[in-house]
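Both ligands and their constituent atoms are indexed starting at 1 by order of listing. No hydrogens, no waters, no symmetry mates; every other heavy atom, side chains included, goes into these values.
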Amino acid sequence: MDSFDPGRGRAFARFAAGDGADVDAAVAAARTALRGPWRQMGPAERGRILAKAAAMLRERAARFAVVESLDSGKRLSEAEGDLRGVARAFEYYAGAADKLHGEGLPLGRLYVGFTSQEPVGVVAQIIPWNYPLSTAARGIAPALAAGCTVVAKPAEQTPFTALMLAELLHEAGLPAGVLNVVTGTGAEAGAPLVAHPDIDHITFTGSVATGSAVMRSAADNVTRLVLELGGKSPLVVLADCDMNAALNGVVEAIYENAGQICSAGSRLVLDRSIADVFLGRLVAWVEKFRIGHGLTNPDLGPVNSRRQLDIIDAHVRRAVKAGNHVLTGGAIATSDAGGWFYQPTIISAQSAADPLVQEEIFGPVLVVQIVDGPDEALTAANATSYALVAGIYSQNITEALRFARDVDAGQVFINEWFAGGIEVPFGGNRKSGFGREKGMAGLRSYCKMKSVVARI
Ligand code: ADP
């Protein structure tokens, strides 16, 4: 298959179109490897391999970042940031591998009872195109730390860095068959993988529609799963905010990776008393954006595919037709590089029920909802079927912590969007999915608990 450079809209490399037979071979290899030398290695030895991989990722970060930028379209500086995060993920789980212990159970003098954490087994990872290597790493690193074996299926738009990661991990000492990558489409490679009866756990990151199809497929085999799906995350800006910090936060929240982030802050919930000043400054900033090829480090890069560009455009056209007010942008952009670009867009919403407010657009389109005070802000924040992340900008820590208590979201940011790192568990509620990745919770996703009780 061809993979495209979104900044030019042209194919730049080819990769193998895997199918059900490749999936069968990969799952069989992973099952065999689960019983092989991998099982004999102690947790500390697994940790050492992951630590070595982290060091190698740092040494080779520049090359990985160029490939990631070319394949996904994201700005090179963002891809470099992703690589720092990926190395951290391996470092973090390297340190955790030998600290995964069970507990003693208080059963009295006549019994000895304890729990242990066993690797869940063969794990399938279905990876999306917006954060190809980051998403692969946040699943693969804890799965390996726990002692699992993996079959990963990167998105057909962005297959290369997962292949490079597998190569690097084997160089770092991973035994053959422990990590397998099958490239190909969702229908030809993804579907047979998640339906495979010899898979013990699925981690899926992607759209709600595909996620529920994956869940149906998992149900047939009673395969456990973690679903990390979409979001329409609210970024609340109260009247007492630090306005510069909030403006920076909004720009990062919605224009990073051209808005193609499940945890993007795509709804600005803004207090009426500062709305004119805030939006004036925001629009002026955004209108100065330089749009260009990811490798040139512009302010805004391309979107990942022609299809995604058309989806974004259709959302905006429908919103305009419904009478929502475009403050800036609102159309496909042209650029000297060619490629698939959308103007940085800000639209003021007519009503909370509008699809503009309710539906994930996955592009550089910010929706503004004007509210009066913290109570209305909370109501607006909670008024979609998604609940992935939420953020608030306020100098009043009590108000911010009340919002954190009352908002439905898997993760809450206070005074910095995207705050935190691999240490922070991540995942959603409601239509945003369930289960947690990252942090120690992410490691436990790849374990099955066993209780042992002896009468003495
Ligand atoms: P998008 O619609 O933006 O491409 P998807 O959720 O469909 O997002 O894709 C996320 C990942 O899921 C990709 O790796 C894709 O190939 C894969 N995928 C798509 N359809 C299926 C499916 N039916 N079963 C398993 N994986 C799938």
Side-chain donor-acceptor distances from residues 62-69 under 3.5 Å, at least two apart:
| residue | atom | partner | partner atom | Å |
| --- | --- | --- | --- | --- |
| E68 | OE1 | T161 | OG1 | 2.7 |
| E68 | OE2 | L133 | N | 2.8 |
| S69 | OG | K74 | O | 2.8 |

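N304 places a side-chain N or O within donor-acceptor distance of the main-chain N or O of S72, the cut-off being under 3.5 Å.
Defined by atom type and a distance below 3.5 Å, a donor-acceptor pair is present between the side-chain atoms of Q369 and R267. Between S3 and D71, the side chains place a donor N or O and an acceptor N or O closer than 3.5 Å (distance only, hydrogens not considered). Side-chain atoms of N297 and S77 form a donor-acceptor pair, as typed in the model, at a separation below 3.5 Å.
Ring centroid separation for the pair F289 and Y255 comes in under the 6.0 Å cut-off.
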Present, as a list of atom pairs with distances to 0.1 Å, all nitrogen or oxygen contacts under 3.5 Å between ligand 1 and the protein.
| residue | atom | partner | partner atom | Å |
| --- | --- | --- | --- | --- |
| ligand 1 | 2 (O) | R307 | NH2 | 3.0 |
| ligand 1 | 3 (O) | W129 | NE1 | 3.1 |
| ligand 1 | 4 (O) | W129 | NE1 | 3.3 |
| ligand 1 | 6 (O) | S207 | N | 2.8 |
| ligand 1 | 6 (O) | S207 | OG | 2.9 |
| ligand 1 | 6 (O) | T210 | OG1 | 3.3 |
| ligand 1 | 7 (O) | T210 | OG1 | 2.9 |
| ligand 1 | 14 (O) | I127 | O | 2.7 |
| ligand 1 | 14 (O) | K153 | NZ | 3.2 |
| ligand 1 | 16 (O) | K153 | NZ | 2.6 |
| ligand 1 | 16 (O) | E156 | OE1 | 2.6 |
| ligand 1 | 16 (O) | G186 | N | 3.2 |
| ligand 1 | 24 (N) | A191 | N | 3.4 |

